[in-house]
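Shown next, in structure tokens, is the structure this report addresses.
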Amino acid sequence: MLLSLALIFLCGMILGKLFSLLKLPSLLGLIITGILLGPYCFNLLDNSILSISADLRELALIIILTRAGLNLDIEDLKKVGRPAILMCFVPASLEIIGMILIAPKLFNITILDAALMGSVVAAVSPAVLVPKMLKLIDEKYGTNKSIPQLLMAGASVDDIFVIVLFASFTSLLKDGNISLLNFIKIPTSILLGLIIGILIAFILSKFFTRFHIRDSAKVVIILSISFILVTIENSISNIFGGIIGFSGLLAVMSIGAYLKKSKEELSKRLSLKYSKLWVAAEIILFVLVGAAMNINYALKAGFFGIVLIFGALIFRMFGVFLSLIKTNLNKKERLFSMLAYCPKATVQAAIGSIPLSLGFASGEIILVIAVLAILITAPLGTFAIEFSYKKLLEHK
């Protein structure tokens, strides 16, 4: 395991830096590192690392979402209003519709299989999007109209919406029936996640005021609570028979957001600590995403797979456009939002193989498209953000 960790960090840093020097997203270097080190190429990573890969990726996601919360100004988000809500489900819904319209024609699958494929691919990746939006906030690009905050908030809820749809479509394919009660999980996951996160943050705020604790110790406490919240997510859902949901990741993000509102100076210091943790967590996250991807599957999709990915992205971008109607964003800012809301990585890596493991006839092609979506949209989305934000957004 120690040798595997050394290879992940050293090779990831070297390839990431090399891609940066070539004016390409460092994230692409990290994913390629994972592919090369992983079991489908040179197989240099120990099974002990691969067996906890999903947990390590979730740990990295917790770190970046907490940091996002610590930098999320609720007042700015209130000013955005309606578009922030629409961004949570309209782009993903239209991308799934795009998949339903295009995939059956290209791959001879059923409409239901195409819907399941769409629910795998439609989730935007907070792990890709959030760090870039935090960079924009630090550099004060687009912050006058709260564009980074809008995209960060939308991305966190977008994932909940898509994963609930994925579970519903999976149930329909497996059992032949779908309950409308499943869809209650969408609002309850959001509300319960927000309420529990805010309640915990309120208690932490009072605790930190009363007791003097080093900031590093505060980070350890918040991280530990975050791990518990994510761990009990499934347990809470099971207690209520799978009808009432709870989003641990949204609760984690809301802890940071409440601390930002109630203790701004503390939130700045904690954000700095989390940004240092992210240096290592980012490498682990994207190298392990790469390691989980079988490049041979991506090659099977060929030209039609690429057409499908870009076709569905057009529907997604149109969804972003619709969500931003009647806002004060100009054409350039809307174009940036459409480009920035496309990257996929973590959700696809986590759930892309589930249909295949369940024995669905469409399982292999769904996995192929999930892998291809990561390979295409993660680097292209990062590239689009990096090379457009200074041209398309106003500097405050």
Side-chain angles (χ1 to χ4, degrees), residues 1-68 70 125-135 138 215-217 219-220 222-224 226-227 230 249 252 270-295 298 343-350 371 374-375 377-379 381-383 385-386:
M1 182 183 281
L2 293 178
L3 178 60
S4 296
L5 286 172
L7 288 172
I8 288 170
F9 285 119
L10 293 175
C11 296
M13 290 173 72
I14 291 168
L15 269 184
K17 185 63 177 176
L18 178 61
F19 273 73
S20 294
L21 292 173
L22 294 171
K23 305 297 182 184
L24 293 169
S26 60
L27 176 147
L28 183 55
L30 297 177
I31 291 176
I32 289 174
T33 300
I35 292 171
L36 294 174
L37 295 177
Y40 305 109
C41 198
F42 294 119
N43 195 25
L44 297 176
L45 298 180
D46 190 73
N47 285 332
S48 57
I49 282 284
L50 295 174
S51 64
I52 59 169
S53 173
D55 293 317
L56 290 174
R57 295 200 305 267
E58 195 153 44
L59 185 154
L61 202 55
I62 286 169
I63 289 171
I64 196 58
L65 286 179
T66 307
R67 189 179 162 213
L70 291 167
S125 174
V128 177
L129 183 69
V130 170
K132 298 302 173 188
M133 295 306 105
L134 291 174
K135 180 183 177 183
D138 290 340
D215 287 342
S216 298
V219 168
V220 173
I222 295 171
L223 270 178
S224 301
S226 300
F227 296 160
V230 172
L249 290 176
V252 166
L270 292 178
S271 179
L272 191 61
K273 297 282 186 185
Y274 271 92
S275 66
K276 292 175 181 177
L277 286 174
W278 177 243
V279 173
E282 181 182 32
I283 296 170
I284 289 175
L285 174 60
F286 290 109
V287 170
L288 290 178
V289 164
M293 288 166 29
N294 187 340
I295 196 70
K344 291 101 174 19
T346 39
V347 173
Q348 290 71 29
V371 171
I374 297 171
L375 287 174
T377 65
T382 307
F383 186 86
I385 294 169
E386 285 286 345

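All heavy atoms count here, side chains included; hydrogens, waters and symmetry mates do not. Since this is a predicted model, take the numbers as computed values, not measurements.
I222 CD1 to I62 CD1: the interatomic distance, rounded to the nearest 0.5 Å, is 12.5 Å. The structure places OG of S125 at 8.5 Å from CD1 of I374, a figure rounded to the nearest 0.5 Å. L65 contributes atom CG, which lies 5.5 Å from atom CG of L249 (distance to the nearest 0.5 angstrom). The distance from atom CD1 of I31 to atom CG of L288, rounded to the nearest 0.5 Å, is 11.5 Å. One finds the CG atom of L15 at 7.0 Å from the CD1 atom of I32 (value rounded to the nearest 0.5 Å). Going from atom CG of L18 over to atom SG of C11 covers 12.0 Å, rounded to the nearest 0.5 Å.
Closest approach of L27 and A378 over heavy atoms only: CD2-CB, 3.7 Å. Taking all atoms of both residues into account, the shortest heavy-atom contact from L30 to G12 is CD2-O, 3.2 Å. Contact between A281 and A60 at its shortest, heavy atoms only, is O-CB, 3.5 Å. In plain terms, the two heavy atoms of I8 and I283 that are nearest each other are O-CG2, 3.5 Å. Between L37 and L7, the closest heavy-atom pair is CD1-O, 3.8 Å. Considering all non-hydrogen atoms of both residues, S26 and G16 come closest at CB-O, 3.4 Å.
Side-chain contact between M133 and I385 is present, with heavy atoms from C-beta onward closer than 4.5 Å. A heavy-atom distance below 4.5 Å is not found between the side chains of F286 and T33. In this structure, the side chains of I35 and L375 come closer than 4.5 Å at one or more pairs of heavy atoms. Between W278 and L285 the shortest side-chain heavy-atom distance falls below 4.5 Å. Two residues are said to be in side-chain contact when any heavy atoms from C-beta on lie closer than 4.5 Å; I64 and P131 meet this criterion. V219 has its side chain out of reach of D215: every pair of non-hydrogen atoms, C-beta onward, lies at least 4.5 Å apart. For the pair Y274/L223, a side-chain contact is recorded, criterion being any heavy-atom separation below 4.5 Å from C-beta on. Looking only at side-chain heavy atoms (C-beta outward), D46 and L3 stay at 4.5 Å or farther from each other.
Partners of F42 by side-chain contact (heavy atoms from CB on, under 4.5 Å), not counting sequence neighbours, listed by chain and number: L36, L44. Partners of F19 according to the ring-ring contact (aromatic ring centres under 6.0 Å, His included) rule, which considers only residues two or more places apart in sequence or in another chain, do not exist here.
Here the side chain of E282 pairs no donor or acceptor atom with the backbone of V279 at under 3.5 angstrom. When atom types are taken as modelled, the side chain of S275 and the backbone of L272 share a donor-acceptor pair closer than 3.5 angstrom.
A donor-acceptor contact closer than 3.5 angstrom links the side chains of K273 and S216.
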